[in-house]
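Take a look at the structure below.
The figures that follow rest on heavy atoms only: side chains count, while hydrogens, waters and symmetry mates do not. Below, chain A is the first sequence line, B the second, and so on; all start at residue 1.
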2 protein chains.
Amino acid sequence: MSKSQSVSMTDIARHLNISQATVSYVLSGRASGSVSEVTRKRVMEAAQEMGYRRNRAAQALAGHGSHIIEFCVTGFYPSYYGQILEAFDVELRSTPYELHIVNPVFSNEKEWGFSKGDWPIDGVIADTPLPEDMLASLKQRGTPVVSVGLFTHTETDHVFVDMTPALLEGIRQLAAHSRRVAFVSMWEPHPVTVGYRQDSRYPAYSQVMRETGLKEEMIIAHESEGLSQRAVAHQTVRDYIAQNGSPDAFFCFNDERAIGTLAALRDMGIRVPQDARLLGCDGIEDSAYHSPAISTIQYPFAEVARLSWQFLLNRIKNPDVPLQSATLTAQLVQRASSAP
Amino acid sequence: MSKSQSVSMTDIARHLNISQATVSYVLSGRASGSVSEVTRKRVMEAAQEMGYRRNRAAQALAGHGSHIIEFCVTGFYPSYYGQILEAFDVELRSTPYELHIVNPVFSNEKEWGFSKGDWPIDGVIADTPLPEDMLASLKQRGTPVVSVGLFTHTETDHVFVDMTPALLEGIRQLAAHSRRVAFVSMWEPHPVTVGYRQDSRYPAYSQVMRETGLKEEMIIAHESEGLSQRAVAHQTVRDYIAQNGSPDAFFCFNDERAIGTLAALRDMGIRVPQDARLLGCDGIEDSAYHSPAISTIQYPFAEVARLSWQFLLNRIKNPDVPLQSATLTAQLVQRASSAP
DNA sequence: TTGAAAGCGCTAACAC
DNA sequence: GTGTTAGCGCTTTCAA
């Protein structure tokens with residue numbers, strides 16, 4: 001492995017015959033008031049010429065704060081991830097902080113001696129529930145955590161997205177004109193979880209089925225190695241219909257599955273919305289561009305990013321503020337796919 | 001800002017009344033053969049109990065290598081970014097390396113004294129051309145760089161994706177049955193660039209227009225603040241058709257613009273492929289799921305990730321290997337949208 | 001088998 | 001104004 005040829009402050013100091021501390025003062029701009037203009041100029045020029053770049057690892061080690069925000073999320077694709085990441089990225093653009101994306105599922109594996117991502121961090125944003133031990137260790141060391149989305153930890157700062165009202169509204173509309181409303185889900189119905197909020201999609205679906213006296217029809221399109229969510233949904237729904245005939249309404253766990261379902265229906269010659277109606281969830285951009293446009297529950301990407309960054313920054317600057325939490329209410333977006 | 005409460009090796013050493021070096025031996029697993037089993041056990045247990053986590057900044061500073069791979073790309077969304085990022089993420093999952101995503105456009109701004117992303121890095125993968133000065137400074141310090149995709153630097157290791165054959169094939173097919181073939185582009189035609197490869201979409205389009213004697217029709221759908229690529233294309237193409245009547249074929253700069261164009265055509269009551277045919281570029285997953293399915297030039301995401309990671313790792317381990325380069329040839333994927 | 005000590009590049013308190 | 005000095009948490013000789 002090649003030795004890194006970086007230019008250090010010491011190099012500049014030696015070159016200029018001054019002390020390294022002075023170089024630090026100038027380059028960090030911290031006590032630059034107490035450095036003569038002449039020296040300042042010389043340092044800046046030397047830094048430029050010699051190609052100096054700071055070493056953030058050293059800076060973080062010596063000083064306080066790394067300006068790293070660890071963003072816990074389970075992938076970069078599909079678009080839900082892309083859109084939430086983009087929203088946070090935009091939010092941090094005008095700050096000195098930067099996103100360090102970590103997948104808690106894999107980073108926690110102790111395969112490499114220790115997990116990836118053990119950088120000194122100033123805070124974490126969790127778009128997915130954190131493992132118990134990770135949460136505990138963050139708490140112990142006093143690292144600010146904001147948890148975000150549908151599965152927020154209730155004991156950390158959080159921005160919760162409440163889909164229940166929109167979910168009930170949307171599924172009720174589906175049910176109002178249908179005999180069979182299927183739920184294209186990701187999982188079998190869940191036992192109730194603790195420590196963070198329960199996913200509200202199945203409960204909402206189940207409630208409406210009870211209200212209307214319709215029978216629950218679960219179509220489970222799991223995560224699958226090497227297959228996209230929409231590909232799995234496509235196939236699963238096609239098989240399901242072949243075996244069971246078609247429901248006349250589909251509520252899908254997310255827009256990915258809604259898109260896959262739409263493809264399946266097209267394959268089977270079932271027209272949307274005339275023969276079967278469709279409701280997705282998340283509000284990724286794609287849902288609006290399909291034909292027919294897919295009705296969905298709109299996740300407020302930008303607002304989530306804005307608010308949670310505000311919470312996090314607030315706590316970084318002032319660790320002792322009381323628990324910050326907010327609830328954003330997702331909206332039902334009616335489009336052609338669910339028109340009665 | 002709260003003082004970080006982390007447990008250090010020194011803490012463990014003090015607790016166990018041994019030297020910090022020994023703790024390092026055990027915990028890093030480096031010279032663990034030469035540490036007694038008893039000591040090893042005690043250290044491991046203490047580390048566990050006290051909640052030790054390594055400090056990668058310190059590790060990187062003291063040792064060699066940070067295991068950070070800087071991935072230069074200009075965003076997380078739309079899906080092209082998501083898919084390329086996901087492909088690399090998968091590739092690195094089984095290694096101790098991790099991706100640090102940096103947008104060279106913004107990271108290079110010197111607004112905070114220095115740019116973001118000045119971490120010690122073991123290598124960089126560039127999905128977008130790097131600014132001259134960044135490239136020079138990487139070269140100077142001997143950091144391995146692999147440049148990737150359609151705009152590869154020719155003087156670094158690179159994995160180039162050649163779209164030209166597929167492009168020519170696709171556009172020729174479009175032209176063969178049409179009187180007006182428009183190019184829904186991102187930019188006005190470019191002057192020739194140096195140092196890295198020229199984008200081949202306009203040249204291919206232009207060549208086919210010359211071959212067939214058809215007139216070039218450029219529809220420019222720029223990047224636009226706060227509007228997605230497909231939204232801009234949607235609007236731009238709609239306006240264009242309203243003013244100029246409709247071409248009977250559209251070659252689009254990427255699938256995002258193809259999706260936007262498809263929406264515009266739908267708005268205008270122009271049927272695809274009967275009245276107008278459509279060809280996209282990139283091969284993002286979405287393109288396959290639209291109706292009609294959109295023909296496209298398939299970017300080989302997984303192969304690019306696999307090959308370029310191989311190149312990079314190779315050079316990290318052996319800095320003096322001769323220039324590594326490969327060309328992957330993109331394939332035309334014919335789907336309903338361009339059926340004659 | 002273990003410990004002492006130097007040093008990675010930087011910050012920050014303090015002395016001159 | 002500028003230099004001296006002591007770390008930050010870790011790796012890595014070199015001695016013991």
Side-chain angles (χ1 to χ4, degrees), chain A residues 1-43 47 50-67 113-114 118-122 141, chain B residues 1-43 47 50-67 113-114 118-122 141:
Chain A
M1 225 169 282
S2 71
K3 226 163 158 56
S4 144
Q5 314 279 33
S6 329
V7 182
S8 70
M9 288 187 172
T10 312
D11 293 332
I12 299 182
R14 243 194 312 262
H15 181 70
L16 256 40
N17 238 319
I18 59 178
S19 87
Q20 176 265 318
T22 303
V23 178
S24 170
Y25 287 146
V26 175
L27 257 25
S28 69
R30 233 158 295 248
S32 60
S34 59
V35 175
S36 78
E37 189 53 28
V38 187
T39 311
R40 221 188 59 79
K41 272 248 166 65
R42 290 180 62 213
V43 170
M50 303 173 68
Y52 172 81
R53 301 192 86 200
R54 65 176 175 171
N55 181 329
R56 287 243 264 149
Q59 241 179 312
L61 189 57
H64 303 290
S66 61
H67 281 175
F114 293 88
D118 286 336
W119 295 92
I121 55 181
D122 287 0
R141 63 183 59 193
Chain B
M1 224 169 281
S2 73
K3 226 174 154 47
S4 146
Q5 314 277 36
S6 321
V7 183
S8 69
M9 288 186 173
T10 312
D11 293 333
I12 299 182
R14 244 195 311 260
H15 181 69
L16 256 40
N17 238 319
I18 58 178
S19 88
Q20 177 263 319
T22 303
V23 178
S24 169
Y25 287 147
V26 175
L27 258 24
S28 69
R30 232 159 297 248
S32 59
S34 58
V35 174
S36 78
E37 189 51 28
V38 187
T39 311
R40 221 188 61 78
K41 272 249 166 66
R42 291 181 62 213
V43 170
M50 303 173 69
Y52 172 80
R53 301 192 87 200
R54 66 177 173 170
N55 181 330
R56 289 242 264 150
Q59 245 179 318
L61 189 57
H64 304 291
S66 61
H67 282 176
F114 294 90
D118 286 335
W119 296 92
I121 55 180
D122 287 359
R141 64 183 59 194

- Message: Return whichever of Q20(B) or A58(A) has its heavy-atom-nearest nucleotide of DNA chain C closer to the 5' end.
- Response: Q20(B)
- Query: Which residue, L61(A) or I18(B), contacts DNA chain C at a nucleotide closer to its 5' end, judged by nearest heavy atom?
  - Reply: I18(B)
Considering only [options], which nucleotide approaches the side chain of [X] most closely?
| X | options | answer |
| --- | --- | --- |
| R30(A) | dT11(C), dG3(C), dT1(C) | dT11(C) |
| T22(A) | dT2(D), dC8(D), dT12(D) | dT2(D) |
| Y52(B) | dT2(C), dC10(D), dG1(D) | dC10(D) |
| S28(B) | dC10(D), dG3(C), dT11(D) | dT11(D) |

What is the distance, to the nearest angstrom, from the [atom1] atom on [X] to the [atom2] atom on [N]?
| X | N | atom1 | atom2 | result |
| --- | --- | --- | --- | --- |
| R53(B) | dC10(D) | CZ | P | 12 Å |
| N55(B) | dG7(D) | CG | P | 18 Å |
| N17(A) | dT2(D) | CG | P | 13 Å |
| R141(A) | dG9(D) | CZ | P | 11 Å |
| K41(A) | dT2(D) | NZ | P | 14 Å |
| R14(A) | dC10(C) | CZ | C1' | 14 Å |
| H67(A) | dT11(C) | NE2 | P | 12 Å |
| M9(B) | dC10(D) | CE | C1' | 6 Å |

- Message: Per the salt bridge (charged side-chain N to carboxylate O under 4.0 Å, His left out) rule, what does the pair list look like for residues 11-27 of chain B, sequence neighbours excluded?
- Response: D11(B)-R14(B)
All side-chain contact (heavy atoms from CB on, under 4.5 Å) counterparts of [X], not counting sequence neighbours:
| X | answer |
| --- | --- |
| A58(B) | L61(A), N55(B) |
| S24(B) | M9(B), Q20(B), S28(B) |
| A60(A) | S66(A), P120(A), W119(B) |

- Terminal axis angle for the helix from dT1(C)-dA16(D) to dC16(C)-dG1(D), five pairs an end, nearest 10 degrees: 40°
Distance test, side-chain N/O of [X] to OP1/OP2 of [N], below 4.0 Å:
| X | N | result |
| --- | --- | --- |
| S36(A) | dG1(D) | no |
| S34(B) | dT1(C) | no |
| S24(B) | dT12(D) | no |
| T39(B) | dT2(C) | yes |
| Q59(B) | dT11(D) | yes |

- From R42(B) CZ over to T39(B) OG1, what is the distance, rounded to the nearest 0.5 angstrom? 7.0 Å
- Measuring from Y52(A):OH to S8(A):OG, what's the distance to the nearest 0.5 Å? 8.0 Å
Filtered N/O pairs between nucleotides 13-16 of chain C and protein, under 3.5 Å:
{"unit_1": "dA13(C)", "atom_1": "N6", "unit_2": "Y25(A)", "atom_2": "OH", "d": "2.6"}

